[in-house]
Protein chains: 2
Amino acid sequence: MGVRERRPVTSVDVAKRAGVSQSAVSRAFSRTASIAPGTREKILKAAAELDYRPNRIPAIMLSGRSGMVGVVVGGLSNPFYAGALEHLVCSLRERGLQVLLVHVDDALTLDDALEQLLGYRIDAVVTALAIGSKAVAKALDALRIPVICFNSRLTGQWISTVSSNNRAAGVVAARVLRERGVMQPVWLAGALRNAASVARGEGFRRGLGAMAGELVSLQGADTYESGYDAVSAMLLRGVRPDGMFCSNDMMACGAIDALCERAGLSCSRDVMLLGYDNIPQGAWRAYDLTTFDQGVGQLVKTACEVLANALEAGGEPVSQNIVIEARLVERGSTAGG
Amino acid sequence: MGVRERRPVTSVDVAKRAGVSQSAVSRAFSRTASIAPGTREKILKAAAELDYRPNRIPAIMLSGRSGMVGVVVGGLSNPFYAGALEHLVCSLRERGLQVLLVHVDDALTLDDALEQLLGYRIDAVVTALAIGSKAVAKALDALRIPVICFNSRLTGQWISTVSSNNRAAGVVAARVLRERGVMQPVWLAGALRNAASVARGEGFRRGLGAMAGELVSLQGADTYESGYDAVSAMLLRGVRPDGMFCSNDMMACGAIDALCERAGLSCSRDVMLLGYDNIPQGAWRAYDLTTFDQGVGQLVKTACEVLANALEAGGEPVSQNIVIEARLVERGSTAGG
DNA sequence: TCTTTGATTGCATAGCTATGCAATTTCTTT
DNA sequence: AAAGAAATTGCATAGCTATGCAATCAAAGA
């Protein structure tokens, strides 16, 4: 048998074996093309025997569309983002789009990463970056391909956003605490440049109304540790809250642990507490956290629809901004008693 | 100015503007090619003015190498996998490899997904699937490209594995519990087809030695809920453990919560408990979980090296199996008192 | 100055598929 | 049965870059 050829199987090989032209092979694998059922069957049989897989690369060259979407993530350590990514990958695949994944620490990495992705002629970009600056927006807009951002305030000709109604949720959080007689409310903010966090804080303050004067604001950084540390410091300063709203669930868990461990305060009995994101860990019995569910499924589905619209716009920039209401999920941390 | 052309900028456009040939442009963007510094500068300037990005697609056709690696994940809801993915994406990018991400629920999805990925001529596959069957191994091996699996027993000409020493860790877990006077050990297993879990259980049983007769084995499914439920059922049956080894941290957290809530048992004071994976949540104060750290960094680094080897093998199948020792991380859940 | 060497550049091509168009075959209709 | 309509098929080509090869040019040595 001589040397085993490693040359990949092409449509020409299949055509030869099936006794048809190369174009027939191409059509056999296309859903829309016109081809006789018998011919298709014959070709698919030959293809299976040769273990032929249609090569998408030449098609990309011809159409200029790769069918790949660049997905930029940062902070997968937050289960909310990990879950969102999982949903996103599935939804995009259902639409025949592949995910080219990039992880980003800072703006520098982002530029680099985008350069590389552009070489692959990605059709669009989806980002779940919590933090976005004007520079980032500019870099994304310069790509001249559709960009979809979650919970971001980035703007641009090509940039669409899908966000939960952070401000409204903040108002609701305040109402819940007021209704239950909270006298000393505390707001635990996320990273300074996290637009969603800022909006949640604004809503909370507004919702507190007359009580806003009593509000104590803490600065966190979106992580469990930052929540734990911020609340520990607050306790050392002698502040004794009876109600808290935390910009996300990770920090909320940190806050609960600090309250308990540093001051013996029990969440719910001594302090009512709300988080945001509805991560699985918030439902763990040790935390039993009241929180806001952004509806990851809905969020991702909407993002995909926006994306599909933008891709069909035929090279014209599309910019939509969609807001989805978050749903309050009440658990033990606001049950009182 | 007429109609704005949407045709993407090609190397020919840059060549024209810079007054050189198309090949010169190609060489200007290549690190190895021979080109005069002045010429390169001139070309890069023209390229920047036109906003030209080298297109990798034609190069893929010529070389047959896409520079993309298919990464198959399932269960990103386990923070261990989410973290591993994050590391992996970064490490691969440092080596100039892009990540084409696929999420998989079951074997069916996998076949579909692989079909699609093959169309993009991926150079290799990396999987972090906890669960692998013979059918999966066969499907992967049939791709005739390097495959790297984490913590798996999949075998094949093209399949390499990188695993932590699950059995040895199980032995260590048993020793820890024995040394601290545990009389009623319990093993909480992960999903049945999870090879890593099986190995951990075997090691644990072996490490218990004479005490293995007392061992109570529970069946979980790798999730928090499954751990909570399995332990709750055990408590209902009247079993009162004083030492537990859980196949992963998620289940360990569920176990701790069930012990406390269903039987008022305190982890550490009444029950010594170990997990596996060292997920961030295990370090949260509410759990303070002793666990085994697989060393994600090391694991991923090794996987990338194996991958690089395999890619350099020039089409010949490569199969390595590397085992890394897990490190015991002692925290409060085994502190006693 | 002439030859030799090395560096730089351009030409031409390969790589594989999808698709417009024309040619051919099959089916319908009268 | 003939003509027209519809379906099917093959031919030829575009799409963009990297690279072997030959040609050109500059520099160095004789």
Side-chain angles (χ1 to χ4, degrees), chain A residues 5-44 46-47 50-67 96 115-116 118-123 315, chain B residues 5-44 46-47 50-67 96 115-116 118-123 315:
Chain A
E5 274 287 347
R6 241 347 46 260
R7 189 177 54 81
V9 181
T10 75
S11 58
V12 177
D13 301 323
V14 177
K16 209 170 291 174
R17 184 177 188 100
V20 296
S21 72
Q22 179 270 325
S23 6
V25 176
S26 173
R27 284 191 255 264
F29 282 93
S30 156
R31 190 166 293 276
T32 58
S34 142
I35 187 167
T39 311
R40 165 173 275 149
E41 202 176 333
K42 194 169 55 180
I43 292 174
L44 292 182
L50 294 176
D51 205 26
Y52 167 75
R53 310 263 128 253
N55 185 349
R56 294 217 44 181
I57 304 296
I60 297 175
M61 278 188 61
L62 289 180
S63 69
R65 290 193 151 201
S66 64
E115 292 283 312
Q116 300 220 7
L118 278 186
Y120 286 92
R121 293 296 183 260
I122 51 171
D123 296 336
Chain B
E5 275 287 346
R6 240 347 49 258
R7 191 177 53 81
V9 181
T10 75
S11 58
V12 176
D13 300 322
V14 177
K16 209 170 291 175
R17 184 178 189 99
V20 296
S21 71
Q22 179 270 325
S23 4
V25 176
S26 174
R27 284 191 256 262
F29 282 93
S30 156
R31 188 166 294 274
T32 58
S34 143
I35 187 166
T39 311
R40 165 173 275 149
E41 202 175 331
K42 195 168 54 179
I43 293 173
L44 292 182
L50 294 177
D51 204 26
Y52 167 76
R53 310 264 127 253
N55 185 350
R56 293 216 45 180
I57 303 297
I60 296 175
M61 278 188 60
L62 289 179
S63 68
R65 289 195 151 200
S66 64
E115 291 284 312
Q116 300 220 8
L118 279 186
Y120 286 92
R121 293 295 184 262
I122 51 171
D123 297 336

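Quick note on labels: first sequence line is chain A, next is B, and so on, each numbered from 1. All values derive from a computational prediction rather than experimental measurement.
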Peer 1: Check whether any side-chain heavy atom of A/Arg27 sits under 4.5 Å from a side-chain heavy atom of A/Ser34, and report yes or no.
Peer 2: no

Peer 1: Does B/Ser11 put a side-chain nitrogen or oxygen below 4.0 Å from OP1 or OP2 of D/dT17?
Peer 2: yes

Peer 1: Provide, to the nearest angstrom, the distance between the CG atom belonging to A/Asp13 and the P atom belonging to C/dC16.
Peer 2: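 In whole Å, C/dC16 P and A/Asp13 CG are 9 Å from each other.
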
Peer 1: Is A/Ser26 touching bases, backbone alone, or none of the nucleic acid, heavy atoms closer than 4.0 Å?
Peer 2: base

Peer 1: With a 4.0 Å cutoff (strictly under), does any side-chain N or O of A/Thr39 reach OP1 or OP2 of D/dT9?
Peer 2: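 So the side chain of A/Thr39 is within the cut-off, an N or O lying under 4.0 Å from OP1 or OP2 of D/dT9.
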
Peer 1: What is the minimum heavy-atom distance between A/Tyr52 and A/Thr10, and which atoms define it?
Peer 2: CE1-C, 3.5 Å

Peer 1: Taking any heavy-atom pair under 4.0 Å as a contact, classify B/Ser23: base, sugar-phosphate, or nothing.
Peer 2: base

Peer 1: Of the listed nucleotides (C/dC11, D/dG10, D/dC16), which one gets closest to any side-chain atom of B/Pro8?
Peer 2: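 Nearest listed nucleotide: D/dC16.
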
Peer 1: Please give me the minimum heavy-atom distance between B/Ala28 and B/Arg40, naming the atom from each residue.
Peer 2: O-NE, 3.1 Å

Peer 1: Specify the separation, in whole Å, of atom OH of A/Tyr120 and atom P of D/dC16.
Peer 2: 18 Å

Peer 1: What is the separation between atom CZ on A/Phe29 and atom C1' on C/dT19, rounded to the nearest whole Å?
Peer 2: 17 Å

Peer 1: When all nucleic acid strands are considered with a 4.0 Å heavy-atom cut-off, which category describes A/Val20: base, sugar-phosphate, or nothing?
Peer 2: sugar-phosphate

Peer 1: For B/Gln22 and for A/Gly19, find the nucleotide of DNA chain D with the closest heavy atom, then tell me which residue's nucleotide is more 5'.
Peer 2: A/Gly19

Peer 1: Is there a side-chain polar atom (N or O) of B/Tyr52 under 4.0 Å from OP1 or OP2 of D/dT17?
Peer 2: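 Yes, such a contact exists.
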
Peer 1: What is the distance from CZ of A/Arg65 to C1' of D/dC16, rounded to the nearest Å?
Peer 2: 19 Å

Peer 1: Heavy atom of residues 53-63 of chain B under 4.0 Å from DNA chain D: which residues?
Peer 2: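 Hits under 4.0 Å, by residue number: B/Asn55, B/Pro58, B/Ala59, B/Leu62.
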
Peer 1: Mind listing the closest non-hydrogen atom pair of B/Leu50 and B/Val9 along with its distance?
Peer 2: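 Smallest interatomic distance, heavy atoms only, reads O-CG2, 3.4 Å.
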
Peer 1: Hey, is the main chain of A/Arg121 close enough, under 3.5 Å, to the side chain of A/Ser66 for a donor-acceptor pair?
Peer 2: yes

Peer 1: Let me know the distance between CD1 of A/Ile43 and P of D/dT8, rounded to the nearest Å.
Peer 2: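 Roughly 12 Å, once rounded to whole Å.
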
Peer 1: What is the minimum heavy-atom distance between B/Val20 and B/Thr39, and which atoms define it?
Peer 2: CG1-CG2, 4.2 Å

Peer 1: Between B/Ile35 (CD1) and D/dC25 (C1'), how many Å, whole number?
Peer 2: 15 Å

Peer 1: How many whole angstroms separate atom CD of B/Glu41 from atom P of C/dT8?
Peer 2: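 Rounded to the whole Å, the gap is 14 Å.
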
Peer 1: Taking C-beta and beyond as the side chain, do A/Ile60 and A/Tyr120 meet within less than 4.5 Å on heavy atoms?
Peer 2: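 No - every pair of side-chain heavy atoms lies 4.5 Å or more apart.
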
